[in-house]
Amino acid sequence: MGVDRKDVAANVSPDPTTTPVDPLALSKIRPDLSAQTPVVRSQKIGLLVALLVLAAVVVWKPWAVARTFVLLSTVFYLVFTVYKFLLVRFSIADRSEIHITDEEAAVMREADLPVYSILVPMYHEAESIRHVVESLRKMDYPADKKDVQLLLEEDDEATRNAAAQVTLPPGFRITLVPKSFPRTKPKACNVGLAEAKGQYLVIYDAEDRPEPDQLRKAVAAFRRVGSDVMCLQCRLNFYNPNQNLLTRWFAAEHSAWFDLSLPGLCALGAVIPLGGTSNHFILSKLKELMGWDAYNVTEDCDLGIRIYRQGYTSRMLNTTTWEEACCHLGFWIRQRTRWLKGYIQTYLVHMREPLRLRRELGWANFLHFQVLIGGIVFTFLVNPLYWALALLWFFFRTEALTSLFPWGVFAMGAICLFAGNFVFVYVGAIACFRRGYYDLVKYALLAPVYWMMMSYSGWRAFFQFHVNPFHWEKTKHGLFEHKC
Amino acid sequence: MAFSSISVSPARRRLATGVCLALIVGALCAGGLWRVDSASREGVVCEAICRELIDNTTAGRQALVGSAWWAPLPVLVRLPLAALFEGEAGPVASVLVSIFFGVAILFLLNGILRGWGIGWPRWLIAAGLALHPAFLRACFDGSSGTMALFLVLLSAHNLAQWLAQKKLRYLIVLALATALLVATSVELAPWALLVLLLLALDQVVAPSKRWYKEAVLILGFFPTLYTVGLWMLLNWLVMGDALYFVRSFAASAGRDVGAASLVPIGVMHGASAGVSLLLVIVALMRKSGAGISLGILGFSPLVLALLMGANGLSWAGGPVLLCLFPLAVLSAAYAVTMSGTLARPAAVAVAVAVLATSGMAFMQRGEIRPLARGEGYSRTTEQNRWLPMIERHVANRSHYPQVFVCGYDSFTLLGSYANPVFVRSMDFNFNKAKQDYPGRDLFVLVHRPRARSGMDSVHWKYPRIFELGSHTTLYDGDFGDWRLFEIVQAPRE
């Protein structure tokens, strides 16, 4: 990794055994790592100066600015395309994830298994209570070693009432999250973290259906890996991929990301932006990091970066959690908006001190961070511009466009447009096949339409970041049982 | 199935591989660059197109996509090297690319044979292929023969592996290889489609679920369909007609008639096809779908070449026939894997047969002669001899001449010759020429429609222009295989 954990640890958090109960601890003790202030003063000044300079240059030499922007973004697209291709290549390598066989998980003696804390944040999820309890009860792990907390908001009467109707098995309890600002999932998780009793901890969403032996596999994996691994990310996929076209696309996307991209990051030893659920942690180290940032709407992605900044690593584990793919377009857009807004937050938080970030992550992970976090947002924002330029070129062939794309830039752009997009679409189809979603392969070929929806969400996220950065657009679940 | 008797440490194997690679590359580069001025016409033209693309000319873009007979991928592969070697004498980039793929073929073959459990005889087999005169010629002549052959072997091997093991990576590689083959050689495009057809047939008879079959066919066919669709899109963008690049298929110019339509099938070709046919028979007895498919693929180039000859395209049979021997080698090697306890002696026998075949080919004068320096195509001949004559002729005829040089042969005639009198035209149109050059005396230079030259757009847009001219042209002279016409215009006041 090239990063000395002693240097990093000297800079950070207090003794994990005396971590305060305050779910906003990170924002109070380490505000430099929290999204509580979306854009700090130095960034505001820097952005303002950059905008003024840019405005002046645009007035002075508009075409030069346009050509420079086209050149830089085309180079980025080319780099991004090659990068994604390499991730796929490394994802099929042997060292891409920790592989625990079913037999290895099954032979572990119950007496040797530690207490495992499970946090399930729930908000307006009354219809999911029974499913959650049943799903976790069925997990192949000793009942007396499961420390399950259903995290309910204090003022969420409906969910509290539904929970009261259910007989909770041993080890299950309800933890009330006091009503306070911000009302976010990471804040609720921090409340649960303070009460957790286990050696390991995992987060599940209300609609999740993890593989029954997932906890055993996680324990086996933690015992196999080195002490620098503090987090195991499981694969996520959907139990309703065929509900409609949107869920098909969503399943194809998740298959490509969790099966053919994240493992590649793992194989490279690169920083992993965690998924929102089924992250398994070593509890003490999670407390050392003061849990999640309550103000970040993609607290998982942010935590994934902070893990590496602290000198720890994350790995992929060969087990899947099945969740519900959002089948309603409106909810999907809101969910995707929140994710991309969170990526913007995460990028700006960690880029407050870029030199320090580079020092803590090392050059390789610093560059991974730029491409994975900043780059993804950038591509979704800029894609519509390039689609428009391509269509204008196809149908009108204006001289202005020709002058924007000198020969070398045009060649790179053509490679990205024709070869790059083919690679992304084909990889999505391959991911579906590998997953066994044979009937989804043909829908994966329509991915460009899905990308347009993601770009729309990206712009929505960009505006929402400025007007309401902490707003958590809740994704409605349970629509699988009730048709969209 | 592996029966290597000597175990070698990975480090020593890597060292040995590295040394072999260096020796092979060095030997081939030395041979190829020694005779770079005798490269094939295809190599010369491809490199010239690269230079036009680097200069960002319309003719370059039109030449890249405008004809199925000049597939775009060989040009694109040469482009980076052409930019590097700009100004060098001879098509250095083309020769280096053909050598590169020649080396790649040998390593691919070695990897395939090792994967099939053939031990040390695989080195002899690879050496036998490497020493075959036809293979060496393809390595040295700067054509796309080795590139196409590499993709052919990749496709054939991966189809066989997919049929035998049903592992996803084989399906993906065969899908991509066939797509790239279609964009590399139109002569082998039917063979590529045969690969996909065999894939589809396997799915039709396989007892799998419908969605699985559908997914396999989508993954298999999509890259090729995308390649063809993209080529059509580029033709629509560049030439204004999505089917421009295939309109020559309906043309009669360039097609042989009578005895000239016979494809030169030699004894070696027949024997190679026979080996593949034998594999089909053996595989049928063993009920091996992979073996049957591999044998069909090995035999089919002969059928394809004969069909091409029957359609007057005998001149296009070269790249197809080049594949026969390597596919026969592959077929023989696969038969070894089905030999059971006789695998080791069978492998040795195959190695001896391959070496003997190459040796016999060398003993035939017809095979070895093209390897000598000075043979093959030389663009300087046309430039040095005919171009000045044409230039003097039109200068004597007019004070303001403009000569349109039509088709891909313009790359060999003009090269990098910079004289504004000559305009390279990949999509010649009489009316447009008159509009774009008012006040000048216009001439059009047309190459004899023989073989691939007959597939140029000027011949299918203006049929029999070489023999009869057109209603707006007057015959003005012959210069080798070039015929000059004056474009008649209304008299000026």
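Chain letters run A, B, ... following the sequence lines, proteins first, then strands; residues in each count from 1.
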Where does [X] contact chain A at under 4.5 Å (heavy atoms): side chain, backbone, both or neither?
{"X": "B:L176", "value": "side chain"}
{"X": "B:L237", "value": "both"}
{"X": "B:L233", "value": "side chain"}

Selection from B:L53, B:V216, B:L76 maximising heavy-atom pairs under 4.5 Å formed with chain A
B:L53
Under 4.5 Å from a heavy atom of chain B, the part of A:I415 involved
neither
Is it the side chain or the backbone of A:L445 that comes within 4.5 Å of chain B heavy atoms, both, or neither?
side chain
Ignoring hydrogens, what is the shortest heavy-atom contact between B:I218 and A:V441? Give both atom names and the distance.
CG2-CG1, 3.7 Å
Sequence neighbours left out, what passes side chain to side chain donor-acceptor pair (under 3.5 Å) with B:S67? Give chain and number order.
none
Considering residues at least two apart in sequence or located in another chain, which fulfil the ring-ring contact (aromatic ring centres under 6.0 Å, His included) criterion with A:F80?
A:F76
Any donor-acceptor pairs between chain A and chain B, under 3.5 Å? If so, list them.
unit_1: B:L53; atom_1: O; unit_2: A:W407; atom_2: NE1; d: 3.2
unit_1: B:E214; atom_1: OE2; unit_2: A:K442; atom_2: NZ; d: 2.6
unit_1: B:L219; atom_1: O; unit_2: A:Y426; atom_2: OH; d: 2.5
unit_1: B:Y226; atom_1: OH; unit_2: A:F418; atom_2: O; d: 2.4
unit_1: B:L237; atom_1: O; unit_2: A:R397; atom_2: NH1; d: 2.8
unit_1: B:L237; atom_1: O; unit_2: A:R397; atom_2: NH2; d: 2.8

Quick check: are there more than 12 heavy atoms from other residues, nucleotides or ligands sitting under 6.0 Å from CZ of A:F69?
yes
4.5 Å side-chain heavy-atom contact, B:L230 and A:F422:
no
Who passes side chain to side chain contact (heavy atoms under 4.5 Å, CB included) against A:V88, sequence neighbours left out?
A:L260, A:V427
